[in-house]
Amino acid sequence: MVLISLSWRCDNQTGTTTPSPYIHPYKDPEGGNIGEFALTIASSTYCGSISSIDVTSTGHTYQNPDAKSTVHAKYTRPTVAEYSFITNAGVWYGAGGTVIGPLHSNQGIRMEAAHNSVVGSGQASWTCDSSYGCSPSQVVDGVYTTSGQANPGLFSFPVSPIDFAGITLDLSTMKSLAQNNGGRYYGPSGAYGYSVVFNGNSTARVYRVTNTYNYTSYSSAEGWHSGERNAITASVLLGTITINNNCPLLCILRTRFGSVVL
């Protein structure tokens, strides 16, 4: 028998002022209380905020008190860090490339590149036009491919959209935590933002990016225009930092493009 209750709260004390375990009766709707279970609740906290909750429930019946059953669950909010790329716009991944990790777009995706994880679109269908290489324009699935490199078995559409407005609010909170609760904050770079290399030993090298390559791109809405500056061509090492285990948060403001990078 598995006995578990989901009546925990983020205060880790199920509305009380005492630490766990919390003993609760287990009721059979037809026969009254038939046993009880004990909840043990713990949390992981970073920068003064709870990041996950661990709940262990151990239960038994009154008839067989020595026969106990234990289940464990971890509750945590999903994070955009799970994705290799997320975007609020349509996107075309060209043939010949390889994408590692899950992808998400709130709009349509043309996926011609090789990939090893889920490709999710917030759209059931969309119109692929000349800006995505479709001539004539055609209505296609949320994730569309004509290439043998892509794996349609990993396509998922429609999926729940990501709330980019909510992300912006979260970033504002994270900026404050980085400044005031033991994290690291870097303000405007005065150049092309920053590059961070994580060393794998709780340290990271932080560079100021002084020059990048500007790609030209095309869309049906804007025509040919200056695109992303993703390729770094010059940078200056600012130093090596030690990551605070109690607040492993690095917040970087990149003013040329008006975004916050974590």
> Gly101 and Ser117: which non-hydrogen atoms are nearest, and at how many Å?
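Scanning both residues, the minimum pair turns out to be C-CB, 3.4 Å.
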> Has the side chain of Ser121 got a donor or acceptor atom that lies under 3.5 Å from a matching backbone atom of Phe157?
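Pair absent, no side-chain N/O of Ser121 close to backbone of Phe157.
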> Is there a donor-acceptor contact under 3.5 Å from the side chain of His115 to the main chain of Asn151?
yes
> Apply the test side-chain contact (heavy atoms from CB on, under 4.5 Å) to residues Thr127 and Gln138: give CA-CA distance (whole Å), side-chain angles for both, the deciding distance (0.1 Å), then the verdict.
CA-CA 6 Å; Thr127 300; Gln138 55 185 301; over 6 Å; no
> Please check: side-chain N/O of Thr61 versus main-chain N/O of Asn64, any donor-acceptor pairing under 3.5 Å?
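At least one qualifying donor-acceptor pair exists.
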> Can you confirm whether Ile162 sits close enough to Tyr83 that some side-chain heavy atom of one is under 4.5 Å from a side-chain heavy atom of the other?
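Counting from C-beta outward, Ile162 and Tyr83 do come under 4.5 Å.
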> Which atom pair, heavy atoms only, marks the closest approach of Gly120 to Val159?
C-CG2, 4.1 Å
> Determine, step by step, whether Tyr26 and Asn33 satisfy the side-chain contact (heavy atoms from CB on, under 4.5 Å) criterion, reporting the C-alpha distance in whole Å, the side-chain angles of both residues, the deciding distance to 0.1 Å, and the verdict.
CA-CA 6 Å; Tyr26 186 80; Asn33 294 340; over 6 Å; no
> Quick check: are there more than 12 heavy atoms from other residues, nucleotides or ligands sitting under 6.0 Å from OH of Tyr46?
no
> Answer yes or no: is there a side-chain heavy-atom contact under 4.5 Å between Val55 and Tyr75?
yes
> For Thr203, which residues count as a side chain to side chain donor-acceptor pair (under 3.5 Å) partner, sequence neighbours excluded?
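Applying side chain to side chain donor-acceptor pair (under 3.5 Å) to Thr203 gives Asn199, Asn201.
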> Does Ile243 belong to the same Ile/Leu/Val/Met/Phe/Trp/Tyr cluster as Leu238, with side-chain heavy atoms less than 4.5 Å apart forming each link?
yes
> Looking only at side-chain N and O atoms, does Glu112 offer a donor or acceptor that is under 3.5 Å from a partner on Thr146?
yes
> Phe198 and Tyr194: same hydrophobic cluster, using ILVMFWY side-chain contacts below 4.5 Å?
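Yes, Phe198 connects to Tyr194 through the hydrophobic network.
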> Test Ile53 against Lys74 for side-chain contact (heavy atoms from CB on, under 4.5 Å), laying out the working first.
CA-CA 6 Å; Ile53 301 287; Lys74 179 184 284 290; over 6 Å; no
> Could you give the distance from NE2 (His24) to CG (Leu39), rounded to the nearest 0.5 Å?
5.0 Å
> Describe, in one word, how the ring planes of Tyr62 and His60 are oriented to each other, choosing from parallel (under 30°), tilted (30 to 60°) and perpendicular (over 60°).
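Taking His60 first and then Tyr62, their aromatic rings stand perpendicular (interplane angle over 60°).
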> Is there a donor-acceptor contact under 3.5 Å from the side chain of Ser44 to the main chain of Ser52?
no
> Which residues pass the salt bridge (charged side-chain N to carboxylate O under 4.0 Å, His left out) test with Asp163, sequence neighbours left out?
none
> Evaluate the side-chain proximity of Ser189 to Arg208: yes if any heavy-atom separation is below 4.5 Å, no if none is.
yes
> Restricting to side-chain contact (heavy atoms from CB on, under 4.5 Å), what partner residues turn up for Phe85, sequence neighbours left out?
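Here the qualifying residues are Tyr93, Val99, Leu103.
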> Roughly how far, to the nearest 0.5 Å, is CZ of Arg184 from OG1 of Thr242?
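So the gap between those two atoms works out to 7.0 Å.
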> Could you state the interatomic distance from CD1 (Ile109) to OH (Tyr144), rounded to the nearest 0.5 Å?
14.5 Å
> Can you measure from CG (Asn244) to CG (Leu250) and round to the nearest 0.5 angstrom?
12.0 Å
> Look at atom CD of Gln63 and say whether more than 12 heavy atoms of other residues, nucleotides or ligands are closer to it than 6.0 Å.
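Atom CD in Gln63 is not packed in, count stays at 12 or less.
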> Compute the ring centroids of Trp126 and Tyr132, then answer whether they are less than 6.0 Å apart.
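Yes, ring centres under 6.0 Å apart.
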> Which pair of heavy atoms, one from Cys247 and one from Gly183, lies closest together, and at what distance?
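Cys247 and Gly183 have their closest heavy atoms at SG-N, 3.5 Å.
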> Is the shortest side-chain heavy-atom distance between Asp54 and Ser43 below 4.5 Å?
no
> Is there a side-chain contact between Tyr207 and Val197, using heavy atoms and a 4.5 Å cut-off?
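Yes, their side chains come closer than 4.5 Å.
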> Taking all non-hydrogen atoms of both residues, which atom of Pro21 and which atom of Ala38 are closest, and how far apart?
CB-CB, 4.3 Å
> Using the side-chain contact (heavy atoms from CB on, under 4.5 Å) criterion, which residues pair with Ser125? Sequence neighbours excluded.
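Partners of Ser125 under the side-chain contact (heavy atoms from CB on, under 4.5 Å) test: Val139.
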> Just verifying a value: how many Å separate Ser176 OG and Tyr185 OH, rounded to the nearest 0.5 Å?
11.0 Å
> Could you list the residues that satisfy side chain to side chain donor-acceptor pair (under 3.5 Å) with Asn88, not counting sequence neighbours?
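Listed in chain order: Asn106.
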> Tell me whether Val118 is reachable from Ile86 by hopping between hydrophobic residues (I, L, V, M, F, W, Y) whose side-chain heavy atoms are closer than 4.5 Å.
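Different clusters.
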> Would a 4.5 Å heavy-atom cut-off, applied to side chains only, mark Thr76 and Ser51 as touching?
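When only atoms from C-beta onward are counted, Ser51 and Thr76 do not touch, as no gap falls below 4.5 Å.
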> When you check the side-chain N and O atoms of Thr58 and Thr70, is any donor under 3.5 Å from an acceptor?
yes
> Do you know which two heavy atoms are closest between Ser130 and Ser137, and how far apart they sit?
N-OG, 4.3 Å
> Could you measure the distance from the OG atom of Ser105 to the CZ atom of Arg110? Nearest 0.5 Å is fine.
15.0 Å
> What closest approach, in Å, do Ser156 and Val143 show between heavy atoms, and which atom pair accounts for it?
O-CG2, 4.3 Å
> Mind running side-chain contact (heavy atoms from CB on, under 4.5 Å) on Val196 and Ile252 for me, showing each step along the way?
CA-CA 10 Å; Val196 180; Ile252 292 177; 3.3 Å; yes
> Is it true that a side-chain atom of Thr56 and a backbone atom of His72 form a donor plus acceptor pair closer than 3.5 Å?
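No: the side chain of Thr56 does not pair with the backbone of His72.
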> Taking side chain to side chain donor-acceptor pair (under 3.5 Å) as the definition, give me every residue that meets it alongside Ser235, ordered by chain and number, with sequence neighbours left out.
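Ser235 satisfies side chain to side chain donor-acceptor pair (under 3.5 Å) with no other residue.
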